[in-house]
Amino acid sequence: MKLYEILYVSNLAPGTPVTVVSAIMAQARRYNQDNGVTGLTMFDGARFAQLLEGARDLVFDLVEHIRTDARHINMEILHYAPLAERRFLRFGMGYVPAEQEDALTLLAAKDGEAALQHFLGLIPVLDLDH
């Protein structure tokens, strides 16, 4: 299976309570485990950034599903590319809060490899298998 990665940002839809994020993560973990998708999500209280890894068609279909989810608005794909090996081996969907103020807003202003490197630079110093 050829791996692919997609990095996107989106906003939590207005009027959607922040408490929905735990339900989104639980649903994502179940789906990803069943479908061989791995990745990492960051959330700053208003904006999501997510890096997905898996089979090309699967991750593109998943991004389209997320795009139509009423809990997300203003989705923008920042980076997509073939991937030699997974970055996040031990979990289907990791979650970390964005700790730097405006970090995801600054991420959204980038694209391509610059966006990917910015996202990876935001990951707290944890053992995330990368």
Item to check | salt bridge (charged side-chain N to carboxylate O under 4.0 Å, His left out) involving Arg56 - partner list, sequence neighbours excluded | outcome: none
Checklist entry - With side chains defined as the heavy atoms from C-beta onward, is the minimum distance between Glu76 and Ser10 less than 4.5 Å? => result no
Next on the checklist: Can you list everything that forms a side-chain hydrogen bond (donor to acceptor under 3.5 Å, both in side chains) with Tyr4? Sequence neighbours excluded, please.
Outcome noted: none
Checklist outcome for this item: Output for pair (Met42 CE, Leu107 CG), nearest 0.5 Å, gives 8.0 Å
Checklist entry - So do Leu104 and Leu122 actually touch side chain to side chain, heavy atoms under 4.5 Å? => result yes
Checklist entry - Any side-chain heavy-atom pair from Asn32 and Thr38 closer than 4.5 angstrom? => result no
Next on the checklist: Strictly distance-based, threshold 3.5 Å: is any side-chain N or O of Asp44 a donor or acceptor partner for the main-chain N or O of Ala46?
Outcome noted: yes
Checklist entry - Residues two or more places apart in sequence or in another chain: which of them pass side-chain hydrogen bond (donor to acceptor under 3.5 Å, both in side chains) with Asp69? => result Arg71
Checklist entry - Thr105 and Arg47: side-chain contact (heavy atoms from CB on, under 4.5 Å), yes or no, with the steps? => result CA-CA 8 Å; Thr105 300; Arg47 186 185 296 262; 4.0 Å; yes
Checklist entry - Do the non-hydrogen side-chain atoms of Arg87 and Leu120 ever get within less than 4.5 Å of each other? => result yes
Next on the checklist: Measuring only between side-chain heavy atoms, which start at C-beta, is Thr41 closer than 4.5 Å to Met25?
Outcome noted: yes
Item to check | Interatomic distance, Leu40 atom CG to Ile123 atom CD1 [nearest 0.5 angstrom] | outcome: 5.0 Å
Checklist entry - Quick one: CG on Leu52 to CD1 on Ile66, what's the gap to the nearest 0.5 Å? => result 5.5 Å
Checklist entry - Do the non-hydrogen side-chain atoms of Ile73 and Pro14 ever get within less than 4.5 Å of each other? => result yes
Next on the checklist: Would you say His79 and Glu113 are linked by a side-chain donor-acceptor pair, where the criterion is simply a distance under 3.5 Å?
Outcome noted: no
Item to check | Audit row: Val63, Tyr80, side-chain contact (heavy atoms from CB on, under 4.5 Å) steps and yes/no | outcome: CA-CA 11 Å; Val63 166; Tyr80 57 93; over 6 Å; no
Next on the checklist: Taking salt bridge (charged side-chain N to carboxylate O under 4.0 Å, His left out) as the definition, give me every residue that meets it alongside Glu53, ordered by chain and number, with sequence neighbours left out.
Outcome noted: none
Next on the checklist: To the closest 0.5 Å, what do you measure between CD1 (Ile6) and CG (Leu58)?
Outcome noted: 9.5 Å
Item to check | Atom of Val9, atom of Ala49 and distance for their closest heavy-atom approach | outcome: CG1-CB, 4.0 Å
Next on the checklist: Strictly below 4.0 Å, N to O, side chains only: are Arg86 and Glu5 in salt-bridge contact?
Outcome noted: no
Item to check | Between CG on residue Asp111 and NE2 on residue His118, distance to nearest 0.5 Å | outcome: 13.0 Å
Checklist entry - Are Phe119 and Leu106 in one and the same hydrophobic cluster, where Ile, Leu, Val, Met, Phe, Trp and Tyr link if side-chain heavy atoms are under 4.5 Å apart? => result no
Checklist entry - Do Met75 and Val20 belong to the same hydrophobic cluster, where Ile, Leu, Val, Met, Phe, Trp and Tyr are linked whenever their side-chain heavy atoms lie under 4.5 Å apart, directly or via other members? => result yes
Item to check | Residues forming a ring pair (Phe, Tyr, Trp, His ring centres under 6.0 Å) with Phe48, sequence neighbours excluded | outcome: Phe43, His72
Checklist outcome for this item: For Val59 and Gly54, the nearest pair of non-hydrogen atoms, with its separation, is CG1-N, 3.5 Å
Checklist entry - With hydrophobic residues grouped by side-chain heavy-atom distances under 4.5 Å, do Tyr8 and Tyr31 end up in a single group? => result yes
Item to check | Where Ala84 and Leu3 come nearest, the two heavy atoms and their spacing | outcome: O-CD1, 4.4 Å
Item to check | Point-to-point distance, once rounded to the nearest 0.5 Å, from CG of Leu83 to CG of Leu116 | outcome: 9.0 Å
Checklist entry - Can you name the residues that form a side chain to side chain contact (heavy atoms under 4.5 Å, CB included) with Ala26, not counting sequence neighbours? => result Arg30
Item to check | Atom of Ala13, atom of Ala70 and distance for their closest heavy-atom approach | outcome: CB-O, 3.2 Å
Checklist entry - Can you check whether Leu62 reaches Asn35 side chain to side chain, under 4.5 Å on heavy atoms? => result no
